[in-house]
Amino acid sequence: MGLEEKGSKPTDEDLIERFQDGDLYAFDLIVKRYKNQLMNFVYRFLGNSEEAEDLVQETFLRVYRNRRAYQKVAKFSTWIYTIAGNLAKTELRKRKRRKFFSISDLGYNEKDYDISDEAYNPEKDVDSRMKEEIIHREINLLSPKFRQVILLRDVQQLSYEEISQIVKIPLGTVKSRVNRGRLKLQEKLKILVDR
Amino acid sequence: MDNCQRFKLLVSDYIEGGLAQQHKQQMEYHFKECLKCARTTQQLRNLLNELKALPKVAVSPDFETILRARISVESALARRRHEGFFKSLQFRIPAYAISAVLIIMGLFSVISKFDRPTRVAPPEAYVNQEWYGGFQQVDKSSEDLVIYILERKTVYNVSSQSPAQVSTFDSREEISAGIDSARSLQRTNTVIDRRENTQSPIY
Ligand SMILES: [Zn+2]
């Protein structure tokens with residue numbers, strides 16, 4: 001988060017309201033606040049960083065264009081995650097139609113794997129990096145329905161209530177879907193996570 | 001429903017502390033007689049820790065520059081269309097470079113309130129390529145116009161405002177220009193290449 005946000009930090013809702021009133025700097029703060037967390041979410045969703053970055057761009061363009069559509073009854077975070085999630089799901093459907101979905105699109109591609117500076121550590125042992133790649137790949141093998149809620153809950157650490165609003169399904173359904181998704185992953189990764 | 005199936009339904013609630021005391025005790029009692037479920041629980045806990053600890057992926061350094069360019073083009077197009085200036089944007093490919101730089105300089109003034117990046121160097125991997133990034137944008141109102149925005153590796157030295165002085169980025173060199181020159185860097189650094197869709201040209 002930027003320096004300009006120290007002190008009494010404006011909420012996301014303050015910022016979008018200011019933006020709706022024509023304050024472009026507020027939009028800029030929104031971009032700074034969300035660009036990396038959305039990138040992380042979309043990258044894990046699509047498995048490819050170039051496509052992910054493009055899609056995060058598109059998400060912000062839509063926020064810019066459709067700023068009037070945001071209404072204060074909803075949390076801003078759930079609104080922007082809904083946009084990004086829908087774009088990602090559309091992208092997956094397009095891929096399927098184009099029969100684009102080859103093994104190399106599953107995110108097991110070394111050069112696609114650019115992690116941020118603070119996360120990158122050359123000393124990190126090979127085992128743990130391989131482990132990360134295997135987990136990344138297994139997430140990408142989940143069906144989009146499970147992948148989305150697992151990413152939102154267990155990677156992005158959002159609350160069940162937020163996820164319910166983003167995915168637009170009842171709270172109980174979110175919980176059971178997350179639970180089933182975790183069991184699917186655990187089944188695939190049991191050797192890796194057994195210790 | 002047997003106890004193992006019941007376990008599967010409730011295990012996330014159990015791990016996240018969402019179970020009533022009575023159900024929690026039933027789960028723990030089940031673990032004593034069923035090693036498989038006890039082990040699955042431990043594996044799930046480990047899995048959740050691994051997922052939480054996955055490295056965070058970040059956008060590339062020029063993300064905001066490109067976003068601003070896309071927004072400014074979109075706003076400017078909307079404005080020009082509105083004012084009936086749209087046709088004046090017309091230019092041909094061989095001459096596009098110079099016109100484009102002039103136009104993009106105009107476009108950036110549209111969003112003067114945007115912030116000032118201090119570093120616009122391309123990522124290391126792109127240094128030896130002529131173009132280091134780009135994207136296209138379809139004009140929504142007339143789908144037969146596609147705008148390409150490409151970012152060059154080389155940029156003009158802006159303090160002199162003279163395109164004759166061309167400097168090349170060294171990717172390791174931090175460019176810490178002042179507010180105005182940083183903004184100018186973006187301007188001259190961005191080129192619009194406009195092409196029409198051959199199916200139904202609007203001109
Ligand atoms: Zn059992």
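Protein chains get the first letters and strands the later ones, always in sequence-line order, with residue 1 at the start of each.
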At a 4.5 Å cut-off on heavy atoms, which part of A:Q157 comes close to chain B: side chain, backbone, both, or neither? side chain

Quiz item: cation-pi between A:R147 and A:F45, 6.0 Å / 45°: no

Here's one to test your reading of the geometry: is the NZ or CZ of A:K184 within 45 degrees of the ring axis of A:F146 and under 6.0 Å from its centre? yes

At a heavy-atom separation under 4.5 Å, does A:I150 approach chain B through its side chain, its backbone, both, or neither? side chain

Checking A:R153 against chain B: side chain, backbone, both or neither under 4.5 Å from a heavy atom? side chain

Turns out that what part of A:V155 lies under 4.5 Å from chain B's heavy atoms comes down to both

Using 30° and 60° as the class limits, which term best fits the ring planes of A:Y43 and A:H136: parallel, tilted or perpendicular? parallel

Given A:L38, A:V178, A:L151, A:L185, the one with more heavy-atom pairs under 4.5 angstrom with chain B than any other is A:L185

Using the ring of A:Y64 (Phe, Tyr or Trp, six-membered ring only), decide whether A:R67 places NZ or CZ under 6.0 Å from its centre and within 45 degrees of its axis. yes

Under 4.5 Å, counting heavy-atom pairs only, tell me which of A:N179, A:N36, A:L192 racks up the most with chain B. A:N179

Going by side-chain contact (heavy atoms from CB on, under 4.5 Å), A:S77 matches just one of A:Q165, A:E162, A:Q37. Which one? A:E162

Nearest-0.5 Å distance, CD of residue A:Q148 to CG of residue A:L142: 12.0 Å

Is it the backbone or the side chain of A:I139 that comes under 4.5 Å from a heavy atom of chain B, or both, or neither? side chain

Heavy-atom distances under 4.5 Å only: say whether B:R45 touches chain A with side chain, backbone, both or neither. neither

Below 4.5 Å, heavy-atom pairs only: which of A:Q156, A:K35, A:R182 has the largest tally toward chain B? A:R182

Quick check: does any side chain N or O of A:E51 sit under 3.5 Å from a backbone N or O of A:L46, one acting as donor and the other as acceptor? no

